[in-house]
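Heads up, the thing below is written out as structure tokens.
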2 protein chains.
Amino acid sequence: MDNTFTVETQYLDLPDPVHLDCGRKLHSVRVAYETYGNLTPERDNVILVCHALSGDAHAAGVSTSPQAAGTRDGFAAEDRDGAAGKVLGWWDGMIGPGKAFDTDRYHVVCTNLLGGCRGTTGPSSIDPDTGKPYGSDFPVITVADMVRTERALLRELGIERLAAVAGGSLGGMQALQWAIAYPESVDSIVVIASTHGLHPQGVAWNAIARESIMGDPAWQGGHYHGTGRAPEAGMGVARMVGHITYLSAPALEDRFARRLQSSDDIRYTLTEPEYQVESYLRHQASSFVRRFDANTYLYLSRALTYFDLAREHGTLRNAMRAVQAKTLLIAFSSDWLYPPSASRDIEQALEAEGKTVEFHLIEAPYGHDCFLLEEARQTPIIRRFLEGTTQ
Amino acid sequence: MDNTFTVETQYLDLPDPVHLDCGRKLHSVRVAYETYGNLTPERDNVILVCHALSGDAHAAGVSTSPQAAGTRDGFAAEDRDGAAGKVLGWWDGMIGPGKAFDTDRYHVVCTNLLGGCRGTTGPSSIDPDTGKPYGSDFPVITVADMVRTERALLRELGIERLAAVAGGSLGGMQALQWAIAYPESVDSIVVIASTHGLHPQGVAWNAIARESIMGDPAWQGGHYHGTGRAPEAGMGVARMVGHITYLSAPALEDRFARRLQSSDDIRYTLTEPEYQVESYLRHQASSFVRRFDANTYLYLSRALTYFDLAREHGTLRNAMRAVQAKTLLIAFSSDWLYPPSASRDIEQALEAEGKTVEFHLIEAPYGHDCFLLEEARQTPIIRRFLEGTTQ
């Protein structure tokens with residue numbers, strides 16, 4: 001497979017405001033997006049790929065955009081940076097000619113989420129009413145708001161119907177929301193390592209990450225832009241928490257065990273890393289802090305915590321009643337943040353409503369990060385599913 | 001059973017310096033301790049109980065000491081505060097007349113650990129060389145240093161031999177260290193929810209907690225005493241991380257599910273708790289920050305991370321070779337921080353060396369906190385074990 005196609009992030013300003021679940025309207029929304037593969041004249045071969053908490057519009061290929069930066073999570077982050085200035089998309093192993101989302105056949109679109117910090121309007125954008133960055137005056141957003149924004153972009157691009165919506169984690173929530181909110185527009189959804197509602201331990205991890213950011217005095221109530229300070233310490237800890245929850249304990253054992261940084265013995269230091277896993281965490285934190293906006297982390301973490309199809313629709317079965325799309329669910333045995341049981345719940349609710357659904361549980365050791373790492377094992381499942389659901 | 005006996009914390013100044021693994025010596029070490037039950041004239045009925053990261057010397061009874069405060073972890077914290085000013089010991093359900101550690105028969109001793117903040121010399125104590133609190137100039141300590149200090153205290157009390165050393169978590173590490181370092185002094189050890197070496201995910205959680213404290217600017221390089229500021233935000237996040245790792249995901253599901261704080265609906269707030277589990281975390285953090293010294297957290301976290309019998313002795317079997325004590329191991333099925341597999345490793349190493357060991361795996365849902373909560377199920381196991389190993 002040839003990975004060397006280049007892409008450039010594009011930007012589109014939505015003509016209409018986005019109406020949000022919280023009751024507010026967002027004006028002058030800009031959306032960053034990339035596309036891969038050709039659009040058919042009938043505009044019927046579009047796959048929307050949705051990113052997770054720390055992703056961006058650069059899902060595949062080598063970016064020629066100067067601001068492109070590695071946005072993968074966990075172990076996956078390390079194999080992304082290629083030659084200097086050449087940054088591979090976060091799901092490049094899944095999107096391209098002959099890959100799971102085959103760009104010889106499909107026109108794949110990926111947008112940076114509403115609330116993001118990589119080109120789409122978010123808390124670090126300028127509020128047109130004040131001329132200053134929104135900061136924490138940005139409205140609290142939901143997964144439904146993200147999907148609304150994606151739909152507005154696609155309509156501007158002349159796309160009314162999607163062959164598929166696909167994503168992992170928060171991206172999978174968006175795929176579910178698409179099928180529920182716009183059933184007539186979606187032929188199929190691919191929901192990977194995701195859930196209908198994060199379990200309370202997941203709610204807690206997200207809350208801890210946000211508390212860490214907001215507790216950093218440099219956060220300044222969310223208005224740190226232009227002050228020369230940013231909540232880097234709090235963000236670093238938030239990232240460390242996220243990072244460990246994305247991986248499994250056995251994966252950490254396999255990778256680091258209890259190996260020391262120093263080859264000889266412990267050094268009796270309180271402040272410096274002694275173990276390789278400690279050093280790794282610091283590295284992950286510092287590289288993330290450089291490329292990600294703390295407020296975006298807060299807003300997206302809040303949005304994914306809010307997502308709860310059973311609460312919004314009374315029951316999970318009720319939520320699935322309107323779905324017309326065929327559904328592919330993939331979960332990973334070692335994912336304790338978005339455990340397979342959540343995908344099983346979705347499968348059962350869809351089946352109870354007579355919908356077409358298939359669920360694949362992949363035995364794999366890397367935890368939640370598997371959706372970024374286990375490309376070879378997801379590919380045949382997704383290709384076969386898409387062949388069966390699209391013309 | 002009658003829980004109403006009262007106790008007072010006592011203090012003893014060690015006449016000799018404590019020689020530490022790091023090569024430094026600590027002078028003028030004070031140890032806070034409590035005792036329950038009568039010492040026989042032969043001084044042969046002593047059980048040393050060792051506390052975990054956030055515990056203190058007040059293990060049982062109702063304290064009459066003005067500084068006593070709740071020091072339990074997790075769900076267990078909530079059932080500790082009785083009537084105003086009356087604080088039950090952190091293991092009161094296990095220590096007392098007719099209980100697991102039966103004070104009708106044994107003289108139970110519990111000390112605040114070296115490095116602690118509840119009466120024993122630690123980083124918030126005055127450094128006799130400078131007249132100021134040690135802060136981060138306190139030497140880095142190990143589990144072996146804690147045990148050395150406990151031994152020095154007991155000798156001052158005229159106690160040379162222990163019927164048992166018992167503890168959970170970090171307390172269990174001390175029990176293991178006692179049996180290995182002073183085999184001739186220990187008849188039996190009771191090692192609950194503990195390990196011979198934290199797995200790398202546990203190393204990571206501890207590192208994240210310490211990064212959170214040290215990243216708080218109020219930490220001031222560890223010299224916050226007397227400045228009117230303390231790293232409360234960082235400590236709060238550290239405590240939240242610890243708290244969630246002490247509990248199991250099913251326990252959180254059972255207790256909180258995804259229930260909202262507000263009875264009606266989400267309130268679209270970025271900064272305030274929306275879910276009951278979020279509110280609970282804030283409460284746990286703020287009550288912990290009021291009663292615990294941040295530097296003590298750092299030092300004890302570092303010490304329990306360092307503990308690694310296989311590294312120190314070449315192999316785990318080597319570590320067990322000198323043991324003479326009979327060993328009781330208890331682990332809990334839902335404990336993912338100190339998983340049953342670690343206790344199994346210890347059992348196998350002891351068996352391979354021909355030692356007397358029994359291992360009990362208790363099926364229980366609360367995670368690591370079980371050692372504080374599952375008192376009724378531990379009691380018969382411990383009583384029977386002690387009957388078989390002591391006169």
Side-chain angles (χ1 to χ4, degrees), chain A residues 21-23 136 139-140 142 197-205 207-208 210-212 214-218 222 233-234 236-237 240-241 243-244 247-249 252-253 255-258 260 265-266 268-271 273-278 281-282 285 298-299 302 305-306 308 310-311 336 339, chain B residues 21-23 136 138-140 142 197-205 207-208 210-212 214-218 222 233-234 236-237 240-241 243-244 247-249 252-253 255-258 260 266 268-271 273-278 281-282 285 298-299 302 305-306 308 310-311 336 339:
Chain A
D21 278 349
C22 67
S136 55
V140 171
T142 65
L198 211 55
H199 57 58
Q201 195 196 57
V203 173
W205 292 127
I208 291 170
R210 295 196 306 277
E211 295 281 358
S212 178
M214 296 189 298
D216 186 333
V237 170
M240 292 181 191
V241 169
H243 202 85
I244 295 300
L247 298 170
S248 70
L252 288 168
E253 181 67 47
R255 173 72 173 269
F256 299 108
R258 289 183 52 88
L260 295 166
D265 205 351
I266 59 174
Y268 300 100
T269 166
L270 190 66
T271 55
E274 283 272 33
Y275 293 92
Q276 290 181 15
V277 68
E278 294 176 350
L281 280 171
R282 278 210 184 168
L298 294 180
Y299 280 91
R302 188 42 119 185
T305 299
Y306 275 150
D308 186 340
R311 178 179 57 73
W336 54 286
Chain B
D21 278 351
C22 68
S136 55
F138 196 75
V140 170
T142 65
L198 213 55
H199 58 58
Q201 194 196 57
V203 173
W205 292 127
I208 291 170
R210 294 196 307 276
E211 295 281 359
S212 178
M214 297 189 299
D216 186 332
V237 170
M240 292 180 191
V241 169
H243 203 84
I244 296 300
L247 299 170
S248 70
L252 289 167
E253 180 68 46
R255 173 73 172 268
F256 299 108
R258 289 183 52 88
L260 295 166
I266 59 174
Y268 300 101
T269 167
L270 190 66
T271 54
E274 283 273 33
Y275 294 92
Q276 290 180 15
V277 67
E278 294 176 350
L281 280 172
R282 277 208 185 171
L298 295 179
Y299 280 91
R302 187 43 117 186
T305 299
Y306 275 150
D308 185 340
R311 177 179 58 73
W336 55 285

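By convention in this document, chain letters (A, B, ...) are assigned in the order of the sequence lines, proteins followed by strands, and residues within each chain are numbered from 1. When reading the values below, keep in mind they use all heavy atoms of this one structure, side chains included, and skip hydrogens, waters and symmetry mates.
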Exercise. Checking A/Tyr306 against chain B: side chain, backbone, both or neither under 4.5 Å from a heavy atom?
Worked result: both

Exercise. For the atom pair OG1 (B/Thr271) and CZ (A/Arg302), what is the distance rounded to the nearest 0.5 Å?
Worked result: 8.5 Å

Exercise. For A/Leu281, is it the side chain, the backbone, both, or neither that has a heavy atom closer than 4.5 Å to a heavy atom of chain B?
Worked result: side chain

Problem set entry | Heavy-atom pair with the smallest gap, counting every atom of A/Ile244 and B/Ala204 | CD1-CB, 3.6 Å

Problem set entry | Part of A/Leu198 lying under 4.5 Å from any heavy atom of chain B | both

Problem set entry | Partner chain B: residue of A/Pro217, A/Pro200, A/Ala207 with the largest heavy-atom pair count (under 4.5 Å) | A/Pro200

Exercise. Out of A/Gly222, A/Ala310, A/Ala257, A/Gly236, which one racks up the most heavy-atom pairs below 4.5 Å with chain B?
Worked result: A/Ala257

For this session: Find the one option among B/Gly197, B/Ser248, B/Ala233, B/Gly215 whose heavy-atom pairs under 4.5 Å with chain A are most numerous.
Result: B/Gly197

Exercise. Does A/Tyr268 use its side chain to pair, donor to acceptor, with the backbone of B/Thr142 at less than 3.5 Å?
Worked result: no

Exercise. Considering only heavy atoms, which portion of A/Gln276 lies under 4.5 Å from any heavy atom of chain B: side chain, backbone, both, or neither?
Worked result: neither

Seminar exercise, completed: Comparing B/Val277, B/Leu298, B/Asp308 against chain A, the one with the most heavy-atom pairs below 4.5 Å turns out to be B/Asp308

Problem set entry | Step-by-step side chain to side chain contact (heavy atoms under 4.5 Å, CB included) determination, B/Arg258 to A/Val203 | CA-CA 8 Å; B/Arg258 289 183 52 88; A/Val203 173; 3.6 Å; yes

Exercise. Any side-chain heavy atom of A/Thr305 within less than 4.5 Å of one from B/Glu274?
Worked result: no

Seminar exercise, completed: When the 4.5 angstrom heavy-atom criterion is applied to A/Val241 and chain B, the contacting part is both

For this session: Would you confirm whether B/Tyr299, through its side chain, and A/Leu270, through its main-chain N or O, come within 3.5 Å as a donor-acceptor pair?
Result: no

Exercise. If you round to the nearest 0.5 Å, how far is CZ of B/Arg282 from CD1 of A/Ile208?
Worked result: 12.0 Å

For this session: Please look at A/Met214 and chain B and tell me whether the side chain, the backbone, both or neither of the residue comes under 4.5 angstrom of a heavy atom of that chain.
Result: side chain

Problem set entry | For chain A, the option from B/Leu260, B/Asp21, B/Asp216 that forms the most heavy-atom pairs under 4.5 Å | B/Asp21

Problem set entry | Backbone of A/Asp265 reached by a side-chain donor or acceptor of B/Arg311 within 3.5 Å | no

Problem set entry | chain A contact via B/Pro273 - side chain, backbone, both or neither, heavy atoms under 4.5 Å | backbone

